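Predicted, not measured: the structure shown is a model, and the values here were computed from it.
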Amino acid sequence: MGMASELFKSILHPGEIKAMLQLKYGGMVRKTHKAPLEELAKSLGDIDFCYAVLNKVSRSFAVVIQQLPEVLKDPVCVFYLVLRGLDSVEDDMTFSNHEKIPLLRVFHEKLLVDDWHINGVGDSDDYRVLLAHFGKVVRVFKALDKKYQDVIKDITDKMGNGMADFAEKKVSTVQGYNLYCHYVAGLVGHGLSGLFSASGLEDANLKNELRVANSMGLFLQKTNIIRDYLEDLVEGRTWWPDEIWKKYADRLSYFRDHPYDTQKSLACLNHMVTDALQHVPDCLEYMRRLRDPQVFRFCAIPQVMAIATLSKVYNNSNVFTGVVKIRKGLSCQLMVNTNDMRAVKDAFRSFALSMEQRVPPNDPNASKTMELLQDVKRRTRVELPKNLLRVSSFVAWIVLIVAGIFLFGRFRDRRNAMQQTGNTTAIGSAIKLQDFGAVVALFLSVAYLFGFFGMNLL
């Protein structure tokens, strides 16, 4: 029923249907265990349990991690589960800060404690099972090469302390918002870069590219925070910074109660989206530096998903009334098609264009939003090889000159004929197919040359 429903939603998008079927039946995804995770914890070995958890709690992440090179699969899987466990401790609002904060600060030390686990903590059943059987994750962690252990432990230490710092204080300023997102997501970018460099598959200096790696995480985290407004509000978590939302309302819940208020609710939402867009240039730069195709796909797929989601939530009042998600078919299509930088640029450009067409002219952040979207389009413009550009521009100039000379000659001949006969209707009746073709050629060559010199309409 679920699959049929998703196929129906993509009925006007045959490429999405093909991608869904390819992912489901094409062998791109491992078959998952259907049994509850609690049962699997008792029957599966340590590494199989880790991948079972991964499939249960993050299906899309499980797809991309399974396509990583073998040397990185287990380290990245463990890295994700360790941080997922840490995040589950933070997100459990029933777990008192008296116990939560000290645990967040020493969580990295638990990675060295045989069979360490904690019962009854986590904000969902699967996360509680993960933490209750965390000893399995610890054993897989301790079996990793030390170079991977060091990266994972270091990032867990920094993230846990950052989460503890924010456990008892609100996100008030944009600076604080960026710092919080750094702790919970930017550090993930740092850690992954460290793992990629340690594997030898990427440049050893990638681990030092902290700014662009941080932006990769911030772009994903901010997209999630925007999308999850209602869920977080209901759970008592508030990550939208006061500095932004208080410009539009005196309480954060106002947007839920007045979702269609364009002057306040939608304006605030669009402000949040605009803030997230500033990270796109760094994200594109980071992906451009990757050299291993499988590592590239692993990093690029979440990014194109994020820009698709950001486009979906922009100026969308449904953010305040429910959960806004992109179609599963579109998600599958992005997974299947994101194989190189050209595909990434196409996706970012497409969704930037979609947002640009929906920017309300009276939105208080319209000019800034348009500026950022135009920058995205500029950075994602497809660049042809220089030799091809020279040849094509030369041909365009020749077509322009020849078409211009031809049309000028035709116009002169018609004018002479009209003067000799005195028949003013002759000029219209004398228009031939080649005249029309010359006009079209003239228009296309002018349009191409304007685009070549950076004056294109898109």
Side-chain angles (χ1 to χ4, degrees), residues 30 37 40-41 44-58 61-89 103-118 126-127 129-161 163 184-210 213 216-217 290-292 294-299 302:
R30 287 183 185 174
L37 197 55
L40 295 175
L44 296 178
D46 296 341
I47 190 64
D48 289 335
F49 171 76
C50 288
Y51 281 98
V53 174
L54 187 66
N55 277 290
K56 292 285 187 181
V57 303
S58 181
F61 191 79
V63 172
V64 292
I65 200 175
Q66 288 167 15
Q67 297 173 54
L68 276 171
E70 288 297 327
V71 69
L72 275 172
K73 281 184 183 179
D74 291 352
V76 173
C77 177
V78 171
F79 184 45
Y80 176 86
L81 293 181
V82 168
L83 299 187
R84 183 72 267 173
L86 182 66
D87 190 55
S88 298
V89 171
L103 179 56
L104 290 172
R105 295 198 186 281
V106 301
F107 196 87
H108 64 288
E109 297 176 4
K110 306 303 182 185
L111 298 176
L112 302 178
V113 179
D114 290 337
D115 203 36
W116 181 85
H117 63 280
I118 184 170
D126 286 339
Y127 296 152
V129 172
L130 167 63
L131 286 169
H133 297 273
F134 204 75
K136 289 177 174 287
V137 179
V138 170
R139 283 191 289 274
V140 177
F141 167 81
K142 295 175 81 170
L144 296 175
D145 191 297
K146 188 176 184 303
K147 62 186 178 183
Y148 298 130
Q149 289 186 35
D150 290 344
V151 172
I152 295 171
K153 189 168 180 288
D154 176 59
I155 295 300
T156 306
D157 180 11
K158 293 175 180 176
M159 185 179 292
N161 278 286
M163 288 177 169
V184 301
L187 285 172
V188 178
H190 290 182
L192 287 172
S193 295
L195 294 177
F196 298 155
S197 292
S199 73
L201 294 171
E202 295 294 342
D203 192 280
N205 193 50
L206 183 68
K207 65 178 182 293
N208 300 320
E209 301 293 343
L210 301 181
M216 289 280 283
L290 298 174
R291 62 192 188 191
D292 183 88
Q294 292 167 291
V295 170
F296 175 86
R297 274 178 51 78
F298 172 82
C299 294

Let me see the working for V295 and Q67 under side-chain contact (heavy atoms from CB on, under 4.5 Å), right down to the final yes or no. CA-CA 9 Å; V295 170; Q67 297 173 54; over 6 Å; no
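- With respect to K142 and D114, a salt bridge is recorded, a charged nitrogen being found less than 4.0 Å from a carboxylate O.
- Checking side-chain atoms of S199 against main-chain N and O of F196 turns up a donor-acceptor pair under 3.5 Å.
- Qualifying side chain to side chain contact (heavy atoms under 4.5 Å, CB included) partners for A185, counting only residues two or more places apart in sequence or in other chains: Q221.
- R297 contributes no side-chain N or O that, together with a main-chain N or O of V64, makes up a donor-acceptor pair within less than 3.5 Å.
- D74 places a side-chain heavy atom less than 4.5 Å from the side chain of Y51.
- Residues passing the side chain to side chain donor-acceptor pair (under 3.5 Å) test with D126, sequence neighbours excluded: none.
- In this structure L112 satisfies the side chain to side chain contact (heavy atoms under 4.5 Å, CB included) test together with F141, K153, sequence neighbours excluded.
- Residues satisfying the salt bridge (charged side-chain N to carboxylate O under 4.0 Å, His left out) test with D145, not counting sequence neighbours, are none.
- Among residues two or more places apart in sequence or in another chain, the salt bridge (charged side-chain N to carboxylate O under 4.0 Å, His left out) test is passed with D87 by R84.
- In this structure, the side chains of F79 and I65 stay at 4.5 Å or more apart for every pair of heavy atoms.
- Closest heavy-atom contact between F49 and L130: CZ-CA, 4.4 Å.
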Show the numbers, then the answer: is there a side-chain contact (heavy atoms from CB on, under 4.5 Å) between V57 and Y80? CA-CA 11 Å; V57 303; Y80 176 86; 4.0 Å; yes
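- Contact of the V138 side chain with the D115 side chain is not registered, since no non-hydrogen atoms from C-beta on lie closer than 4.5 Å.
- Nearest heavy-atom pair, G85 versus F134, reported as atom, atom and distance to 0.1 Å: CA-CE1, 4.4 Å.
- In this structure H117 satisfies the side chain to side chain donor-acceptor pair (under 3.5 Å) test with no other residue, sequence neighbours excluded.
- Residues R291 and L206 fail the side-chain proximity criterion, which asks for heavy atoms closer than 4.5 Å.
- For the side chain to side chain donor-acceptor pair (under 3.5 Å) test, no residue two or more places apart in sequence or in another chain qualifies with D48.
- Nearest heavy-atom pair, V151 versus G191, reported as atom, atom and distance to 0.1 Å: CG1-O, 3.3 Å.
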Intermediate values then yes/no, side-chain contact (heavy atoms from CB on, under 4.5 Å), D154 and H190: CA-CA 10 Å; D154 176 59; H190 290 182; over 6 Å; no
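- A search for side chain to side chain contact (heavy atoms under 4.5 Å, CB included) contacts involving A132 returns N119, not counting sequence neighbours.
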Output, in order, the C-alpha distance, side-chain angles, deciding distance and verdict of side-chain contact (heavy atoms from CB on, under 4.5 Å) for H133 and V53. CA-CA 11 Å; H133 297 273; V53 174; over 6 Å; no
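- Residues that satisfy the side chain to side chain contact (heavy atoms under 4.5 Å, CB included) test with T156, not counting sequence neighbours, are V82, L83, L86, F107, H108, L111, I152.
- Applying the salt bridge (Lys or Arg N to Asp or Glu O under 4.0 Å) rule to pairs touching residues 62-71 yields E70-K73, sequence neighbours excluded.
- The two residues K56 and L37 come nearest to each other via the heavy atoms CG-CD1, 4.0 Å.
- Using a 4.5 Å cut-off on side-chain heavy atoms (C-beta onward), C50 and V137 make contact.
- Annotation: salt bridge (Lys or Arg N to Asp or Glu O under 4.0 Å) contacts involving residues 189-210, sequence neighbours excluded, comprise E209-R289.
- At least one side-chain heavy atom of S88 sits under 4.5 Å from a side-chain heavy atom of L131.
- With sequence neighbours excluded, the residues satisfying side chain to side chain donor-acceptor pair (under 3.5 Å) with R139 are D46.
- The structure places CG of D292 at 8.5 Å from CG of L68, a figure rounded to the nearest 0.5 Å.
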